[in-house]
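Ligands are counted one by one from 1 in listed order, and the atoms in each one are counted from 1 as well. Bear in mind the structure is a predicted one, so any value in this text is a computation, not a measurement.
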Amino acid sequence: MINKNVFAKMTEGKLSIRILGSGTSTGVPQIGCDCEVCRSVDPHDKRLRHSALVTYRGKNILIDCGPDFRQQMLACGSPHIDALLITHIHYDHIAGLEDLRGFKDLPIFARADVIAALHQRLAYCFAQHPYPGVPHFNLVEIDDINPFDCAGITVEPIPVMHYKMPILGFCIGPMAYITDCKTISLQQVERLHGVPLLIINALRIEEHLSHLSLAQTLEIIEQVKPERAVLIHMSHGIGLHEKVSKILPENVSLAYDGMVVEINKQL
Ligand SMILES: [Zn+2]
Ligand SMILES: [Zn+2]
Ligand SMILES: [Zn+2]
């Protein structure tokens, strides 16, 4: 378990995070659905697939790179990216990798199982004699336990379970970022206790096999007691942004696409 003093030292400084996509794998509106959320004209109810851009100590770290990545990058002025962290191999978290071809030698951090799966899915990029122009990926293996250097910033992995799949969240400075979690160990909850900013998934109101529901996420937030929590990876089953926002605890908000959260922690 991580010593709290070590964690406290790491939380110094200003961090900002831009939620590039606040939606689950289908996005919202969902194709073919005419529920009130999918029909909503409120821009807060339009949710692209998952991705976030963290700015900390002068570096831009991307978390996941989903199928809407190109459009998300163009919408925020195509900032430079120093590193990519991948939480897990599902399509809504990696489908935009091809669009990183402009970022030469970008380090991409992922677990060994994710790296193995990428070699299979994008085999043409790893061929002995690749076709000219295919993107080159600089994959760096990380594990569930050890902090690692990411563009000069120490990042700590947070192992969580996505139903039966072990996946990673990440601690960066004063923020803990978790997506696609269904269960988290008590040890990890204790370790995150009092984190200034917790970004965490909440799929919908009803329970789901592999993702936390709103009530389950609020229970974890209650245990972690962050100063502020922001909910991500929502489906249309979360309800209308405006209505749900009114019933959340004061320190909890629903993310929306393009939302920027800033935290400045001087200890
Ligand atoms: Zn997902
Ligand atoms: Zn719908
Ligand atoms: Zn997933």
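- The closest side-chain donor-acceptor pair between T179 and N201, if any, does not fall under 3.5 angstrom.
- Judged purely by distance below 3.5 Å, without hydrogens or angles, the side chains of D92 and H50 never pair a donor atom with an acceptor atom.
- Defined by atom type and a distance below 3.5 Å, a donor-acceptor pair is missing between the side-chain atoms of H93 and H90.
- Using a 3.5 Å distance cut-off with no hydrogens or angles, the side chains of H241 and R47 do pair a donor with an acceptor.
- Taking CG of L214 as the reference point, atom CD1 of I247 lies at 6.0 Å (rounded to 0.5 Å).
- When the Zn ion (ligand 3) is compared with the N/O/S atoms of H162, atom NE2 turns out nearest.
- Contact of the R228 side chain with the V261 side chain is registered, since non-hydrogen atoms from C-beta on lie closer than 4.5 Å.
- For L209, the CG atom is densely surrounded, since the number of other residues' heavy atoms within 6.0 Å is greater than 12.
- Aromatic rings from Y124 and Y131 are positioned such that their centres are separated by 6.0 Å or more.
- For the residue pair D64 / T87, a side-chain donor-acceptor distance below 3.5 Å is found, with atom types taken as modelled.
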Take D144 and R111 through the salt bridge (Lys or Arg N to Asp or Glu O under 4.0 Å) test and state the conclusion after the steps.
-> CA-CA 8 Å; D144 289 359; R111 280 169 47 110; 2.8 Å; yes

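- Here 4 is the count of protein N, O or S atoms positioned under 2.8 Å from the Zn ion (ligand 1), waters not counted.
- Protein atoms that are N, O or S and lie under 2.8 Å from the Zn ion (ligand 2) are these: C33 SG, C35 SG, C38 SG, H236 ND1.
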